[in-house]
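The structure appears below as structure tokens.
One-based numbering, in listed order, for ligands and for the atoms of each.
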Amino acid sequence: MLFDPYKRRINYLRISVTDRCNLRCRYCMPEEGIPLIPHNEILTYEEILRLVHLFVAEGISKVRLTGGEPLVRKGMVEFVANLSKIEGIKDLSLTTNGILLKDFAKTLKEAGLKRVNISLDTLQKERFYQITRRDGFEQVWKGIEEALNVQLSPIKINMVAIRGMNDDEIESFAQLTFRLPLTIRYIEYMPSGNGEEWKEGRILTIKEIKARLERKAPLIPVPSDPLDGPAQRFRFEGALGEIGLIGPVSDHFCGNCNRLRLTPDGKIRTCLFSDEEIDVRQYLRNGAGDEELKERLLEALKSKPEKHQINSHQFKKCQRNMSSIGG
Ligand code: SAM
């Protein structure tokens, strides 16, 4: 088992497989994109698999693939098939914007993927274009339907709630849970990314979202599972799906943080909001043995901060864009 210096048990690895993305969400990226990591600096699938084997041997049991947009990287299905063969991974999931999901859902399921989180901030076609600078709402929706068909479940829809962008859609997203077995998760707008300037006043706190939903109908708490993340879970009476509230800004859940992140260029990040990174790529490429790589992992764990500093005067927006960390 892996523990950090604050005695938190670390069992969750989020792997960003690429920094490339096929959308340009305004709050995440500028229109022209961001400088890309050169191809030769991006870990190969073989390199990632080697690291995952080591991490799993040390106590990681939950793996999520993210990006950039993970489905734009070639060879993802085969990579998922290889990952799913690693004994000890109990939960293998993917975070995607859903644009390519219709084509991949079935083969990913067959390759061993358990479930997907799909990012979708609006249910309106025109607004989708305004937010992401690309057409694609219908494609994403088809992706969601296909994920439901092949049962990549529980299927979670992640909605970043931003005042003045989509705050008038809180209730319509919740309404979906009556019709479909989807978990709608509202996520607070975080001060990261290279998109439009972040302003505190644009955050819709989960407290505010919860109060709005409760005006519609009572929210029934859902007991959480040990593999659950930081979401507070609820459901409406008679609904097929669930509601999740995630408050990285207002609800400091660092005390329960169980995560490590691996960036596309082979750096271990121990906190989404800290720029401290431990490089493993140079070790992988300089012929390091498993013991040496394991030492790097343990060294990274030692640097995991007790908590993020978003709400303190010491906070500095992180240097790396969200699209190359993976959120
Ligand atoms: N392309 C994939 C996707 O869209 O799900 C994975 C990477 S994307 C960076 C992961 C998540 O981070 C998305 O749900 C996105 O909305 C979210 N995100 C990006 N910038 C954010 C911010 N400033 N605050 C909150 N969430 C953010």
I'd like to check which ligand 1 atoms, numbered from 1 as shown, lie under 4.0 Å from a non-hydrogen atom of [X].
X      : value
Thr95  : 2 (C), 5 (O), 6 (C)
Thr66  : 6 (C), 7 (C)
Glu188 : 25 (C)
Tyr27  : 15 (C), 16 (O), 18 (N), 19 (C), 20 (N), 21 (C), 27 (C)

Checklist entry - Has Arg50 got its NZ or CZ under 6.0 Å from the middle of the six-membered ring of Phe55, at an angle within 45 degrees of the ring axis? => result no
Checklist entry - Under 6.0 Å from the six-membered ring centre of Phe137 and within 45° of its axis: does the NZ or CZ of Lys125 meet both? => result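 Negative - Lys125 is either too far from the ring of Phe137 or too far off its axis.
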Checklist entry - Heavy atom under 4.0 Å from ligand 1: found in Thr96's side chain, backbone, both, or neither? => result backbone
Next on the checklist: Is it the case that ligand 1 has an N or O less than 3.5 angstrom from some N or O of Met190?
Outcome noted: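 It does: an N or O of Met190 is found under 3.5 Å from an N or O of ligand 1.
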Checklist entry - Any N or O of Tyr189 that comes nearer than 3.5 Å to an N or O of ligand 1? => result no
With no hydrogens and no angle check, just 3.5 Å: does a side-chain donor-acceptor pair link [X] and [Y]?
X      : Y      : result
Thr96  : Glu69  : yes
Tyr12  : Arg64  : yes
Asn166 : Glu169 : no
Asn158 : Tyr186 : no
Arg115 : Ser153 : no

Checklist entry - Any idea which of Pro70, Pro248, Ser119 brings a heavy atom closest to atom 13 (C) of ligand 1? => result Ser119
Checklist entry - What do you reckon, does Gly68 put a non-hydrogen atom under 4.0 Å from ligand 1? => result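 Yes, Gly68 has a heavy atom closer than 4.0 Å to ligand 1.
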